[in-house]
Amino acid sequence: MSGLLAGRSALVTGGGSGIGRATCLAMAREGARVTVSDLPGAGAEETVALVRAAGGEAHAVHADVTQPDQVAAMVQAALAAYGPLHCAFNNAGIAAMHVGAGGQRMGDISLQSWERMLAVNLTGVFLCMAQEIAAMERSGGGAIVNIASVAGLVGLPGSNAYVVAKHGVVGLTRAAAIDHAAAGIRVNAVCPGYIDTPMITEAMARRGEQILGTVPLRRLGQAEEIAQAVVFLCSDRAAFMTGAAMPVDGGYTTV
Ligand code: NAI
């Protein structure tokens with residue numbers, strides 16, 4: 001098979017929905033064999049079916065990215081299915097509303113909400129990276145892309161724990177890029193603006209016009225547009241990129 005990721009093995013967390021699903025499909029179109037990971041019942045099997053229907057190769061794994069043993073088993077499953085791991089997209093994540101903290105300011109957020117947000121959106125990325133890096137070091141290198149957000153580059157109102165977690169992902173990306181460059185592992189982050197996925201359905205219903213008013217291109221991004229950036233960062237076309245935090249945001253962070 002030809003393509004930017006021909007012959008590569010790829011792992012995507014949160015691959016059952018939104019940006020993760022679009023990226024699994026895009027990676028498979030570019031020739032990668034894809035391990036699609038998500039929580040049980042969160043759509044990983046459906047993504048695999050879509051990849052296969054399009055002529056690609058994929059299999060599903062269930063893992064909660066906050067659980068070290070499940071993350072280790074997820075990476076082992078990817079290795080067992082497709083051999084050495086070349087690409088990983090650490091994409092699983094939640095929004096403030098998932099921890100009951102939508103719109104809350106720093107003084108109002110509960111410790112439980114704060115800890116859950118950091119567990120999924122920051123520690124989850126750390127746990128996945130640790131296993132992926134160990135596997136990639138054994139096989140001579142690879143490319144990791146972490147999902148951050150525009151909230152990893154600037155502040156957003158009423159999203160403090162989310163902003164902290166995503167800034168943490170950018171920091172983790174930069175630190176790991178330095179530490180593992182000599183092992184041939186590139187680590188980059190993609191920083192999406194507002195993307196049309198289930199994660200922002202509720203926010204768009206509540207204040208869609210206001211959100212679009214903050215985006216110079218005056219539209220939501222599509223999951224496919226993030227997928228294309230991730231494929232690029234995983235591919236040899238980005239061979240000289242590591243430690244980058246790449247905005248794909250319709251101009252949001254330029255204002
Ligand atoms: P989504 O809600 O469609 O997908 C998120 C996926 O992560 C789901 O499949 C969910 O099951 C999975 N997930 C959640 N908790 C998990 C856990 N503990 N273990 C394993 N998987 C878990 O949302 P979307 O938009 O595709 O989000 C993907 C990533 O993109 C998230 O990290 C999000 O923060 C980030 N992002 C999204 C933006 C947007 O506007 N949609 C903007 C910037 C970043």
Side-chain angles (χ1 to χ4, degrees), residues 11-26 35-48 50 60-71 73-75 88-99 101-102 115-128 131 145-154 156 159 161-170 172-173 189-204 207-208 211-212 214-215 219-227 229-230 245-250 252-253:
L11 167 65
V12 177
T13 69
S17 179
I19 293 168
R21 172 171 287 174
T23 305
C24 291
L25 284 159
T35 298
V36 182
S37 179
D38 212 313
L39 296 168
E45 286 78 7
E46 289 85 345
T47 299
V48 167
L50 290 168
V61 172
H62 293 156
D64 180 336
V65 297
T66 68
Q67 302 300 312
D69 52 342
Q70 294 185 30
V71 171
M74 169 186 82
V75 172
F89 179 35
N90 297 315
N91 161 78
I94 53 175
M97 63 178 178
H98 295 123
V99 294
E115 288 183 339
R116 180 68 189 158
M117 176 61 76
L118 294 187
V120 178
N121 284 10
L122 180 55
T123 307
V125 174
F126 161 73
L127 292 172
C128 291
Q131 294 293 328
V145 179
N146 296 322
I147 194 102
S149 164
V150 290
L153 302 172
V154 297
L156 296 183
S159 303
Y162 187 82
V163 167
V164 170
K166 294 300 188 181
H167 272 69
V169 170
V170 170
L172 194 55
T173 299
V190 65
C191 300
Y194 291 101
I195 309 300
D196 189 7
T197 74
M199 185 172 278
I200 66 158
T201 307
E202 183 265 343
M204 284 305 290
R207 53 185 187 96
I211 287 175
L212 292 184
T214 64
V215 183
R219 67 172 176 86
L220 295 180
Q222 296 302 306
E224 173 66 22
E225 293 173 306
I226 305 305
V230 177
M246 192 166 96
V248 184
D249 65 356
Y252 180 90
T253 49

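All ligand and atom numbering here is 1-based and tracks the order in the structure. Sequential numbering from 1 along the given sequence is applied to the chain's residues.
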K.L.:
How many angstroms lie between atom CG of Leu127 and atom CD of Gln70, to the nearest 0.5 angstrom?
P.N.:
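The CG atom of Leu127 sits 11.0 Å away from the CD atom of Gln70.
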K.L.:
Is the side chain of Asn121 donor-acceptor paired with the backbone N or O of Ile94 at a distance under 3.5 Å, no angle test?
P.N.:
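Yes; judged by distance alone, with no hydrogens or angles, the pair exists.
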K.L.:
Which residue holds the protein heavy atom closest to atom 3 (O) of ligand 1, what is that atom called, and what is the gap in Å?
P.N.:
Ser17 OG, 2.5 Å
K.L.:
Rounded at 0.5 Å granularity, tell me how far CE in Met204 sits from CG in Leu212.
P.N.:
4.0 Å
K.L.:
State whether the side chain of Thr13 and the backbone N or O of Ala92 hold a donor-acceptor pair below 3.5 Å, judged by distance alone.
P.N.:
yes
K.L.:
Any idea which atoms of ligand 1 are less than 4.0 Å away from a heavy-atom of Gly18?
P.N.:
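By the 4.0 Å cutoff, the relevant atoms are 3 (O), 26 (O).
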K.L.:
If you measure from SG on Cys128 to CE on Met74, what distance do you get to the nearest 0.5 Å?
P.N.:
4.0 Å
K.L.:
Under a 4.0 angstrom heavy-atom cut-off, which atoms of ligand 1 come close to Pro198?
P.N.:
3 (O)
K.L.:
Which of the atoms in ligand 1, numbered in the order shown and given with their element, are less than 4.0 Å from a heavy-atom of Gly14?
P.N.:
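Selected atoms, number and element: 6 (C), 7 (O), 9 (O), 12 (C).
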K.L.:
What are the two closest heavy atoms between Ala44 and Asp38, and how far apart are they?
P.N.:
CB-CB, 4.1 Å
K.L.:
How close do Ala161 and Leu118 get, counting heavy atoms only, and between which atoms?
P.N.:
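Here Ala161 and Leu118 meet closest at O-CD2, 4.1 Å.
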K.L.:
Identify, for atom 26 (O) of ligand 1, the protein heavy atom at the shortest distance, and state residue, atom and that distance.
P.N.:
Ile19 N, 2.8 Å
K.L.:
Who's closest to atom 38 (C) of ligand 1 heavy-atom-wise, of Ser37, Gly193, Gly16?
P.N.:
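Looking at heavy atoms only, the winner is Gly193.
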K.L.:
Of the non-hydrogen atoms in Val248 and Ala229, which two are nearest, and what is the gap between them?
P.N.:
CG2-CB, 3.8 Å
K.L.:
Is there a heavy atom in Arg21 that sits closer than 4.0 Å to ligand 1?
P.N.:
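For ligand 1, residue contact (heavy atoms, under 4.0 Å) with Arg21 is absent.
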K.L.:
Going by the order shown, which atoms of ligand 1 are within less than 4.0 Å of some heavy atom of Tyr194?
P.N.:
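Those of ligand 1 that fall under 4.0 Å from Tyr194 are 40 (O).
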K.L.:
Pick one: which of Asn146, Leu172, Asn90 meets side-chain contact (heavy atoms from CB on, under 4.5 Å) with Phe126?
P.N.:
Leu172
K.L.:
Can you check whether Leu50's main-chain N or O pairs, donor with acceptor, with Arg21's side chain at less than 3.5 Å?
P.N.:
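Checking the backbone N and O of Leu50 against the side chain of Arg21, no donor-acceptor pair under 3.5 Å is found.
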K.L.:
Quick one: nearest non-hydrogen protein atom to atom 36 (N) of ligand 1, plus distance?
P.N.:
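The protein heavy atom lying closest is Tyr162 OH, 3.7 Å.
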K.L.:
Among Thr13, Ile200, Asp38, Leu39, which one puts a heavy atom closest to atom 11 (O) of ligand 1?
P.N.:
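When every heavy atom of Thr13, Ile200, Asp38, Leu39 is considered, Asp38 comes closest to atom 11 (O) of ligand 1.
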K.L.:
Would you say the side-chain atoms of Asn91 pair up with the backbone N or O of Gly14, donor to acceptor, closer than 3.5 Å?
P.N.:
yes
K.L.:
Output the list of atoms in ligand 1 that are nearer than 4.0 Å to some heavy atom of Ile94, sorted by atom number.
P.N.:
14 (C), 15 (N)
K.L.:
Quick one: which ligand 1 atoms are inside 4.0 Å of a heavy atom on Asp64?
P.N.:
17 (C), 18 (N), 19 (N)
K.L.:
How close does the nearest protein non-hydrogen atom get to atom 20 (C) of ligand 1, and which residue and atom is it?
P.N.:
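Among all protein heavy atoms, the one nearest atom 20 (C) of ligand 1 is Ala63 O, 3.4 Å.
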K.L.:
Among all the protein's non-hydrogen atoms, which is closest to atom 32 (O) of ligand 1, and how far away is it?
P.N.:
Asn91 O, 2.9 Å
K.L.:
Restricting to non-hydrogen atoms, name the atom on Leu11 and the atom on Ser37 that form the minimum distance, rounded to 0.1 Å.
P.N.:
CD1-CB, 4.3 Å
K.L.:
Find all atoms of ligand 1 within a distance of less than 4.0 Å from any non-hydrogen atom belonging to Ile147, and give their numbers and elements.
P.N.:
29 (C), 30 (O), 32 (O), 35 (C)
K.L.:
Looking only at protein heavy atoms, which one is nearest to atom 27 (O) of ligand 1, and what is the separation?
P.N.:
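Ranking protein heavy atoms by distance from atom 27 (O) of ligand 1, first comes Met199 CE, 3.7 Å.
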K.L.:
List every atom of ligand 1 that sits less than 4.0 Å from any heavy atom of Ala42, numbering the atoms from 1 in the order shown and giving each element.
P.N.:
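Matching atoms, with element in brackets: 11 (O).
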K.L.:
For Gly15, is the nearest heavy atom under 4.0 Å from an atom of ligand 1?
P.N.:
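In this structure, Gly15 fails to qualify as a contact of ligand 1 - no heavy atom is under 4.0 Å.
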K.L.:
Can you find an N or O of Ile195 that's nearer than 3.5 Å to an N or O of ligand 1?
P.N.:
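Between Ile195 and ligand 1, an N or O pair is found under 3.5 Å apart.
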K.L.:
Short N/O distance, under 3.5 Å, between Asn121 and ligand 1?
P.N.:
no
K.L.:
Examine distances only and state if a side-chain atom of His167 and a backbone atom of Ala151 form a donor-acceptor pair shorter than 3.5 Å.
P.N.:
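Side chain of His167 to backbone of Ala151: a pair is present.
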K.L.:
For atom 7 (O) of ligand 1, what's the nearest protein heavy atom and its distance?
P.N.:
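The closest one turns out to be Gly93 N, 3.4 Å.
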K.L.:
List the closest protein heavy-atom neighbour of atom 24 (P) of ligand 1: residue, atom name, distance to the nearest 0.1 Å.
P.N.:
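Among all protein heavy atoms, the one nearest atom 24 (P) of ligand 1 is Thr197 OG1, 3.5 Å.
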K.L.:
Is Thr47 reaching over with its side chain to a backbone N or O of Gly15, donor-acceptor style, under 3.5 angstrom?
P.N.:
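Yes; judged by distance alone, with no hydrogens or angles, the pair exists.
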K.L.:
Going by the closest heavy atom to atom 44 (C) of ligand 1, which one wins out of Cys128, Ala95, Ala92, Ala148?
P.N.:
Ala148
